[in-house]
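What follows is a set of notes on a single structure, which appears directly below.
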Amino acid sequence: MSDMTPHELSTFDFHAREPFWQKRWDEAKSFEAPDVPPADRPKYYVLEMFPYPSGQLHVGHVRNYTLGDVVARYKRAQGYAVLHPMGWDAFGLPAENAARERGVHPGTWTMQNIATMRETLQRLGFSLDWKREIATCQPEYYGQQQKLFLDMLKGGLVERRDAAVNWDPVDQTVLANEQVVDGRGWRSGALIEKKTLSQWFLKITDFAEPLLETLKKLDRWPERVKTMQERWIGRSEGAKVRFPLHHPPEGYESEGDACEVFTTRPDTLFGLSFIGIAADHPLAQKIAQENSDAAAFVEECRRVGTSEEALSTTEKRGFDTGLRVTNPFNPEQTAPVWIANFVLTEYGTGAVFGCPCGDQRDLDFARKYDLAVPSVLLPTGEDEASFTLGEKAVTGPATLYHSGFLTGKSTKDAIRAAIEHLEKIGAGQGVTNWRLRDWGVSRQRYWGCPIPIIYCDSCGAQPVPDDQLPVTLPEDVSFERPGNPLDHHPTWKHVACPSCGKPAQRETDTCDTFVDSSWYFARYTSPHAKTPTVADAVNGWLSVDQYIGGVEHAILHLLYARFFTRAMKQTGHLDVDEPFSGLFTQGMVTHESYRDGDQWLYPEEVEQRGDVVVSKKTGRDVTVGRSEKMSKSKRNTVSPVDIISHYGADTARWFVLSDSPPERDMEWTAAGVAAAARFMQKLYRQVSDVAQRDAREATHGEAGADLRHITHRTIVAVTEALENFTPNVAVARLHELSSALGEAEKKGGEGIAAARREAAHVVTLLIAPMMPHLAEELMALLEPDGALVVERAWPEAQEALLAVHKVTIAVQVRGKLRGTIICAPDAPKEDVLAQAKADENVAKALEGKRIVKEIHVPNRIVNFVVAG
RNA sequence: GCGCGCUUGGCGGAAUGGUAGACGCACGAGACUUAAAAUCUCGGGUCCGUAAGGACGUGCGGGUUCAAGUCCCGCAGUGCGCACCA
């Protein structure tokens with residue numbers, strides 16, 4: 001070395017060194033997992049939700065995969081055999097949109113995006129086993145999915161039935177909910193309508209009970225996700241009640257001469273005001289055939305769309321069918337049957353009975369159409385003589401009145417009595433109803449997994465035989481014409497019936513892409529096998545010990561995956577019940593937005609000048625919007641590739657971990673990234689300084705005691721922070737250790753060099769999960785011929801060095817802080833109290849007061865409760 | 001509309017029911033420098049006070065407790081999900 005000072009030497013050249021270390025890891029096969037978990041150590045399966053290859057990696061991905069990588073590297077250091085794979089959720093609508101808009105084939109577009117995004121992931125230095133990479137759009141993957149579908153069909157878990165879709169009459173195509181804007185098709189602008197198609201369903205409701213019950217055992221899932229799933233599955237106890245129809249329309253036989261409803265409140269039957277039926281209810285359909293006004297109303301309901309949100313936000317409206325039913329509890333009473341736009345076809349029986357006094361929606365509806373409002377619920381504490389029902393339904397605790405044999409009973413008792421009575425008189429029975437509906441998987445689209453079915457006029461729907469799998473997508477398709485390219489492909493769908501050999505047609509629908517993502521975690525355990533799974537591998541690696549992804553998937557994806565796992569178990573493809581034993585849901589990455597007039601500007605197009613932000617181009621002040629979810633339309637995005645190029649992968653990784661707790665949204669700021677970069681270089685300077693100046697052979701001495709205490713305390717703190725998923729706290733503690741390392745240099749003295757070397761060594765190991773490249777670089781400085789950090793164990797704190805010699809105890813008088821005292825750890829209560837009272841300021845506060853109570857929490861706090 | 005979260009200095013945030021504001025950003029002061037950058041050190045919730053110290057303070061209103069950011073009830077704001085976006 002020359003006579004240059006260490007400071008001048010010390011810059012971490014991430015441009016050169018990050019790829020260097022990535023190559024070393026690659027050569028050492030550091031991240032390749034064995035086919036089957038080894039017997040000599042515990043396994044740990046870390047998985048982040050795989051990305052949709054939309055084009056570029058975005059910073060939300062960087063956050064997600066960095067979190068996962070921290071877990072993977074930390075667990076590996078702790079001696080686990082880690083499986084940490086990556087792949088692509090590669091089917092989906094955007095590829096078809098790109099095809100329609102730009103004429104590029106969905107497959108080409110997807111594979112190009114994958115290549116781009118894979119490169120970015122690799123530049124970030126994630127500890128992924130790339131040998132296991134999968135893309136769901138490849139026959140190697142979706143062919144096995146077809147096998148699973150057929151096995152489920154054989155096992156009775158798949159059914160064909162009718163379901164409604166959003167239909168665009170101009171484009172002649174089915175639209176996704178997101179393609180319906182204010183009831184109109186996003187491209188054509190045409191009013192969309194509900195259309196019924198015959199579709200394939202997976203019978204997730206068969207598992208409603210276990211899916212609900214097992215939630216209780218998922219103790220490493222966030223409570224809120226479990227609550228959401230619980231609500232979604234929606235078990236509710238109630239009754240089916242048959243209301244006899246007075247004059248059923250001719251030819252209406254599907255339910256005999258009665259209208260059946262599901263209710264959770266059979267206790268309020270005496271409060272019957274009306275029957276509400278969905279527009280798709282058979283009775284409504286029947287009426288519509290005969291009555292043009294009814295038909296017009298049904299038609300209108302169809303325009304509302306298929307989402308629950310649309311149904312419940314639309315103004316409540318109804319149509320009186322003129323039919324009447326009899327109240328089974330009170331044959332004297334009849335009520336009208338209305339078609340109502342807020343009744344869900346697919347929940348319960350598609351019909352409700354309206355009891356305005358106990359349900360706000362029913363009350364609003366009854367008032368609007370001037371229907372009877374019998375009052376049968378007396379709120380607890382109200383008097384029958386004085387209580388009148390206003391515009392608020394009774395939803396709190398209440399007693400039944402004006403209710404025949406139920407009068408005087410509490411809601412709970414009345415429900416039980418009502419069900420008993422219904423069953424006795426044969427007008428209904430108690431049932432358990434679920435909000436969860438079966439999973440419709442048919443999509444009328446090209447870019448998805450073909451459903452392996454052949455329709456034959458003679459033999460019906462036939463499964464594609466195993467030896468004809470996979471059913472692959474044709475390459476030569478046209479997106480010029482509206483509709484599904486598979487359907488209008490000249491030859492693809494025409495095949496021989498596998499059963500009779502006569503001409504038949506393929507199913508042209510493809511699978512919901514949620515199916516693809518419902519088993520990819522299992523496929524990673526044997527990504528290239530000729531069967532969907534391999535028993536030893538899948539049962540050895542599953543379940544996923546830590547799954548990490550966005551909370552936006554809290555319900556659908558996670559529930560489908562849980563169901564699919566059970567369905568795969570039932571069909572013999574694996575032997576676990578739950579796919580993910582640990583779940584972590586991370587927040588979004590947000591950024592300020594900038595607007596110059598009506599023009600949105602990218603963050604790199606503006607700069608801060610004093611208190612204002614101006615456009616670099618025009619020099620004008622720009623409007624700074626609050627930090628919100630990054631979106632292309634507001635241009636408040638940041639490119640991970642740019643960040644890596646400017647600051648390096650480790651800086652990007654460190655920044656996304658450093659400030660916000662990962663379950664919360666984090667704000668991306670240029671200043672924050674710069675701070676991360678500074679800290680990275682500071683550590684590099686500090687450690688290279690230690691490597692060059694501090695003698696390796698120095699023995700520990702008195703002067704180093706403080707630093708050693710901090711070093712070992714930091715091991716405990718960082719370990720705890722990583723266990724708790726609070727890397728932001730780990731970062732804070734590492735900042736402190738770094739400061740202590742710097743201070744120790746100035747202090748000097750016997751044993752400082754050894755303590756500094758120890759601290760440098762420890763800091764290197766502790767940052768490794770977060771800044772893996774820098775860690776390798778630092779270790780190479782400290783031990784030029786040593787092992788790679790990825791092959792080293794996590795540091796362990798020495799108990800003796802953690803001991804504290806004094807504690808600071810807060811002293812309160814009547815809960816207010818009046819001073820602090822320094823005591824020996826675990827000092828006796830009497831001594832602590834005496835010392836507390838001796839404190840000048842405390843004594844002043846106690847003056848003239850009588851001590852009523854003395855609270856002493858060892859090593860923490862003293863509180864004198866005083867009177868007077 | 002229904003469901004589920006979140007809310008702490010100028011900003012991001014820390015805090016087993018026990019000293020609120022760790023750590024970082026931004027800001028200010030100082031050191032180094034011819035100068036700047038970089039780096040290092042120090043300061044800071046608000047108000048009153050020269051200071052010692054005091055009052056107030058974790059979205060708002062109540063409650064439980066010796067003690068509440070933390071637990072309970074109500075409200076507001078904001079975000080996410082709602083079954084064909086992924």
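Proteins get letters first, then strands, A, B, ... in listed order; numbering begins at 1 in each. Keep in mind that the numbers below use all heavy atoms, side chains included, and drop hydrogens, waters and symmetry copies.
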From [options], pick the nucleotide closest to the side chain of [X]?
X: Leu556(A); options: rC6(B), rU39(B), rA83(B); answer: rA83(B)
X: Asp659(A); options: rA83(B), rG13(B), rG12(B); answer: rG12(B)
X: Arg678(A); options: rA86(B), rC25(B), rC84(B); answer: rC25(B)
X: Val551(A); options: rC80(B), rC6(B), rC84(B); answer: rC80(B)
X: Tyr560(A); options: rA83(B), rA26(B), rC80(B); answer: rA83(B)
X: Val165(A); options: rA86(B), rC84(B), rC6(B); answer: rC84(B)

Contacts under 3.5 Å, N or O only, protein and nucleotides 1-3 of chain B:
from, atom 1, to, atom 2, distance (Å)
rG1(B), N2, Ser312(A), OG, 3.2
rG1(B), N3, Ser312(A), OG, 2.7

For rG24(B), what is the paired nucleotide under Watson-Crick or G-U wobble rules, both distances under 3.5 Å?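 Matched rG24(B) with rC11(B) under the 3.5 Å cut-off.
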
In the structure shown, which nucleotide is the Watson-Crick or G-U wobble counterpart of rC4(B), with both distances under 3.5 Å?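 Check on rC4(B): paired to rG79(B), both distances under 3.5 Å.
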
Examine the base of [N] for any acceptor or donor lying under 3.5 Å from a partner atom in the side chain of [X], and report the outcome as yes or no.
X: Glu178(A); N: rC84(B); answer: no
X: Gln199(A); N: rC84(B); answer: yes
X: Arg814(A); N: rA67(B); answer: no
X: Arg733(A); N: rC23(B); answer: no

Ignoring hydrogens, what is the shortest heavy-atom contact between Gln360(A) and Ala393(A)? Give both atom names and the distance.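 Minimum heavy-atom contact is OE1-N, 3.0 Å.
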
Just to confirm, is there a sub-4.0 Å distance from OP1 or OP2 of rA83(B) to any side-chain nitrogen or oxygen of Arg437(A)?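 Checking Arg437(A) against rA83(B): no side-chain N or O falls below 4.0 Å of OP1 or OP2.
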
List for me each residue that meets side chain to side chain contact (heavy atoms under 4.5 Å, CB included) alongside Ala732(A), sequence neighbours excluded, and say none if there are none.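 Here no residue qualifies.
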
Output one line per pair: protein atom, nucleotide atom from nucleotides 15-18 of chain B, and distance, for all N/O pairs under 3.5 Å.
from, atom 1, to, atom 2, distance (Å)
rU16(B), O4, Arg860(A), NE, 2.9

What do you reckon, are the aromatic ring centroids of Tyr547(A) and Phe584(A) less than 6.0 Å apart?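 No: the rings miss the under 6.0 Å criterion.
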
Polar-atom pairs under 3.5 Å, protein N or O versus N or O of nucleotides 55-59 of chain B: list them with distances, or write none.
from, atom 1, to, atom 2, distance (Å)
rA55(B), OP1, Arg818(A), NH2, 3.4
rA55(B), OP2, Arg818(A), NH1, 3.4
rC56(B), OP2, Lys816(A), NZ, 3.3

Can you pull every protein N or O that's under 3.5 Å from an N or O on nucleotides 74-79 of chain B?
from, atom 1, to, atom 2, distance (Å)
rG79(B), OP1, Arg626(A), NH2, 2.7

Please enumerate all protein N or O atoms sitting under 3.5 Å from an N or O of nucleotides 44-48 of chain B, with distances to 0.1 Å.
none

Please assess Tyr141(A) against Trp519(A) for the test side chain to side chain donor-acceptor pair (under 3.5 Å), listing each intermediate value before the final yes or no. CA-CA 10 Å; Tyr141(A) 184 83; Trp519(A) 73 288; 3.1 Å; yes

